[in-house]
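The sequence lines fix the lettering, A, B, ..., with proteins before strands; numbering per chain opens at 1.
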Protein chains: 4
Amino acid sequence: MARTVTETARRGQIVQAAIEVIATEGYAKASYARIAKQAGLSSTGMISYHFAGKGDLLREVVGEVLRLSGEYIVPRVEAQSGGRARLRAFIEANVGLAAVYPQQLLALMEVLNVLGEDPQGQFAETRSELMEAQVRAVQAAQETGEFGQFDARVLVTAIRGAVDAVLSRAVKDPALDPLAAARELAELFDRAVRPAN
Amino acid sequence: MARTVTETARRGQIVQAAIEVIATEGYAKASYARIAKQAGLSSTGMISYHFAGKGDLLREVVGEVLRLSGEYIVPRVEAQSGGRARLRAFIEANVGLAAVYPQQLLALMEVLNVLGEDPQGQFAETRSELMEAQVRAVQAAQETGEFGQFDARVLVTAIRGAVDAVLSRAVKDPALDPLAAARELAELFDRAVRPAN
Amino acid sequence: MARTVTETARRGQIVQAAIEVIATEGYAKASYARIAKQAGLSSTGMISYHFAGKGDLLREVVGEVLRLSGEYIVPRVEAQSGGRARLRAFIEANVGLAAVYPQQLLALMEVLNVLGEDPQGQFAETRSELMEAQVRAVQAAQETGEFGQFDARVLVTAIRGAVDAVLSRAVKDPALDPLAAARELAELFDRAVRPAN
Amino acid sequence: MARTVTETARRGQIVQAAIEVIATEGYAKASYARIAKQAGLSSTGMISYHFAGKGDLLREVVGEVLRLSGEYIVPRVEAQSGGRARLRAFIEANVGLAAVYPQQLLALMEVLNVLGEDPQGQFAETRSELMEAQVRAVQAAQETGEFGQFDARVLVTAIRGAVDAVLSRAVKDPALDPLAAARELAELFDRAVRPAN
DNA sequence: AATGAATGAGGATTCATTCAT
DNA sequence: CATGAATGAATCCTCATTCAT
C-alpha cells in the first residue's frame, strides 16, 4: 500500500507526460502508447504496471492540477477580507492560472469534460463540496448586506462557467491578455453582486 | 448531388440516433456500431453509406442542434427592443432550451468539446461569426449609453460560459428549475452591464 | 443474349472509365465506386447491372485493349515479308503502341499482372495461342535459314518481356523517345536471331 | 530503437509468412488476416504490433528477397572477368534464382508490380541505382570494343524484361528447365551485343 | 433499362490490458 | 521493479453485390 520513492517518481513522471499529451493533442489522442512515448518509456506496460487503469491515471492527472490550482488560488483569496475583495481575488486568481499553468489547465478541462459524465466519479464529490463552500461564502456576504439578494447557487455556477470560458480563450488565444481579461471579469461580477442602491 | 426523400429521411434518422447515443452515453461511446443499433440499422455500413465519414455525421449533428437552437432563440430575442431587454431575452431563451431540447443540447456540448480542438473546423467560423455579431450588438448598446463601459468581448465570453454552465446543470439535474435559473442569470447580467450611476 | 444498342454503349462507356481509372490510379484503386464516378454514373449498381461481376468487366477491359493492339500491330507485321522484316515490324509496332494508346496499355499491364495469377483465366488461352503462333513463325524462319538455331520459345518469351519493359518505361517516362527505343530494340533482336556466319 | 532477438525473429517469421501468402495466393489476397493465419498467429494485431503498417511489412518483404537475390547473383557475376562472361553470368544467375527461391521471386514480382506505381517509393531509388550501375558496366565494355555500339539503356531494360519474363515462366511452369532456358537467354543476348564483324 | 438504397463481410489499425521473464 | 511481447475486441471505413421499385 505504501509507495516507494521510485514508485512515486515514476507515477509523477507518467502523470506529467499525460498532462502534456492531453494538453497538446487532446484527450482523444491520449492513449497509453502516446503517453508512454512522451514519457520516454519503451512500453505501455509500464503505465499499466503503475496505474490500476486509465481511470486511475486520469484521476491522478485531475488531482495534480486541482492541487496546483488550489495552491495558487487559496492563499490569494484568503489574503483578502470581505466578500467583494475575495470574489475579485477568486476570479483574478482563477484566470491568472492561465498564465502559470496553461498546459495543466487545458488538460484538466479536457479530462473533466469526459469524466464529468461518469456520475460515479469521485470528482463529483470534490466538485460539489467546493461549490457548497463557495455558495456558503456568498450567502455569508449576502447576510452582511455586502452582496445583494439573488440565488447564490446560480451565481457560483455562472462564475464557474464564465471563468472557464475566459480561461479557455486565454489558454488558446495568445493574443488575449489574461490579466486584463481577469480584471474585466472581476469587475463584471463585482457589479453583478452589488446590492440595489 | 440533389438528395432524395428517402436519403434525407435516413440521414435524419441516423442523426437523431447519434444525438440520443451521445446524450445518454457520451461522445466516447458514440461509435458507428452503437449508433446503428440505436437507429435500428443492421450494419454500420449503412452509416458510411449515407455519410462521408464520422466528421460528416457529427457536423450534421451540430448543424441540426444549432438550427433548432437558432429557431428557438432568434425570434425571442428579436421580439424585444433595446439592449437590456434583448440581453435578458437572449439569456432566458438560451437557458430555456434546456427544457425543450435537453438531449440535443447535451449532445451539442459533447461534440463541440471534442471538435472544438480541431482548429480547421467549420464551426470555428460559425462560432466566431456569431460571437462577433453579439459583440457588435453589445457595443451598440454601449454607444447609446444603455450599457456601461467594459470590454464587450469579455462580457460575451462570460455570458456564453455562464449560460453553458447553467444549461449543463439544468440538463443534468432535474431538481433545478430552468425558468427560475434563467431569470436569475438574466438579472445577474442585467446588473453587470448597467452603466455606473 | 443479344445486346441492344444502349446496352453496348453503356458497357463501352463503363469499360472506358475503368481503363482510365486503372491507368491513372492503379488497379488497387479501381473499385466500382471509383469507376462509376469516372463514368459519371450515380451508383455502382449500374455496373453490376451491366456486368456479371468484376471479372467480367476486367475481361472486357483486357479484350478491348487486346483488340486495339491487334488492329495496330497485325497489319504492320503482315505488310512485311520475311522473318527479319516481320520481327522488326512486330517489335516496332509493339513499342509504337506506347505513343498511340498509352493509357490503355498501362491498364492492360495492371490487369494482366493481377489476373495472370488466376490459372483458370480465359486469357491464359488467348495468350498461349498467340505465343504458339509466334513460336511457329520463328521456327519457320529458322527452317529457311533466315534465323539461326536456338530455342524459339525462349526467344518469344524474351521478346515479350523486353518489349513490355521498354513499353512500360516509354509509357511512364515521357523523356524516352518510343520510336528511337523501338528501333534500338528491333536491332538488338535482329542481331540476336542472325545465324552464325 | 535497437531490436530484440525475439522481435527480429517474429518479424522474420511474419515476413516469411507474407512471402508464402503472396506467392501462393497473390498480392490481393495478402491481408493481415491471411498472413497471420499462415504465420500461426492468433490475431492480426500481432502484425500491427511488429510492423508500422502494411507498407513497412511489404518493404521488408522486398528487402529480404533483394538481399537473397543479391547474395546469389553478385558473387557469380564478380567471379567472371570481361563483359561477355559477366553478362552471361548475370543472366544465368538471375534465371537460376528461379530454382533456388521460386516463392520469394513470385512474391517480389507481385509486390513490385503494385508498389512500383508509388513513385515516392524507396525502391525506385534502389532500382534506378542498380540500373545505372549496369548501364555503366555495359558502356565500359562498349569502350573496350568488347560490345558493339547501341543504346546501353535499352539493352539493360530489355535484359531486365526478358529475364523477368523467363523467370516468371520458369517459376510457374515446372516443365521448363531453368538452367537450359538460362543458357539460351544468355546466348541470345551474347549474340545481340557482339560488335558487327 | 435504370436507380439508389441496403447489405454484411472484410480491410488495416489502435486500444488498454495481461503475463512471463 | 521493470520490460516487451502478446492479446483480441473495437475502431472507422470500403468493398462488390443484391433487390425492390
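In terms of position along DNA chain E, the nucleotide closest to Leu41(C) lies nearer the 5' end than the nucleotide closest to the other residue of the pair Met46(A) and Leu41(C). Annotation: of the two residues near DNA chain F, Lys54(C) and Gly45(D), the 5′-most nearest-nucleotide partner is Gly45(D). Position along DNA chain F of the nearest nucleotide to Thr44(A) versus Thr6(A) favours Thr6(A) as the more 5'-ward residue.
In this structure, His50(C) atom NE2 and dT3(E) atom C1' are separated by 11 Å, rounded to whole Å. Between Leu58(B) atom CG and dT11(F) atom P there is a gap of 14 Å when expressed in whole angstrom units. In this entry the distance linking CZ of Arg3(D) with C1' of dT3(F) reads 18 Å, nearest Å. Taking atom CD1 of residue Ile47(C) and atom C1' of nucleotide dG4(E), one finds them 14 Å apart after rounding to whole Å. At whole-Å resolution of the value, NZ in Lys37(A) and C1' in dC15(E) are 16 Å apart. Remark: P of dA5(E) and CD of Gln13(B) are 13 Å apart, rounded to the nearest angstrom. In this structure, Ile35(C) places its CD1 atom 16 Å from P of dT14(F), rounding to the nearest Å. At whole-Å resolution of the value, CZ in Arg11(B) and P in dA5(E) are 11 Å apart.
Among the protein residues, Ser43(D) comes within range of the nucleic acid bases, having at least one heavy atom under 4.0 Å from a base atom. Looking at heavy-atom distances under 4.0 Å, Glu7(C) makes no contact with the nucleic acid at all. Contacts of Ser42(D) with the nucleic acid, taken as non-hydrogen atoms under 4.0 Å apart, involve only primed sugar atoms and P, OP1 or OP2.
The backbone N or O of Ile19(B) lies less than 3.5 Å from no partner atom in the side chain of Gln103(B), so there is not a single donor-acceptor pair. Put simply, the side chain of Glu110(A) gets close to the backbone of Tyr27(A): a donor and an acceptor are under 3.5 Å apart. A donor-acceptor contact shorter than 3.5 Å is absent between the side chain of Thr4(B) and the backbone of Glu7(B).
Glu64(A) has its side chain out of reach of Gln104(A): every pair of non-hydrogen atoms, C-beta onward, lies at least 4.5 Å apart. The shortest side-chain heavy-atom distance between Ile47(D) and Lys54(D) does not fall under the 4.5 Å cut-off. A 4.5 Å side-chain heavy-atom check between His50(D) and Asp56(D) finds every atom pair outside the cut-off. Using a 4.5 Å heavy-atom threshold, the side chains of Arg10(D) and Leu41(D) count as touching.
Contact check, Ser31(C) against dC15(F): a side-chain N or O comes under 4.0 Å of OP1 or OP2. For the pair Tyr32(C) and dT17(F), the criterion of a side-chain N or O lying under 4.0 Å from OP1 or OP2 is met. Remark: Arg10(C) is in phosphate contact with dA2(E), judged by side-chain N or O atoms under 4.0 Å from OP1 or OP2.
When the options Val65(A), Leu58(A), Val62(A), Val61(A) are evaluated for a side-chain contact (heavy atoms from CB on, under 4.5 Å) with Val15(A), the one that passes is Val61(A).
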Where each pair must be Watson-Crick or G-U wobble with both distances under 3.5 Å, what dot-bracket representation of DNA chain F is obtained, with crossing pairs in [ ] and other-strand partners as |? .||||||||||||||||||||
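Residue Tyr49(D) places a side-chain atom within donor-acceptor reach of the base of dA5(F), judged by atom type and a 3.5 Å distance cut-off alone.
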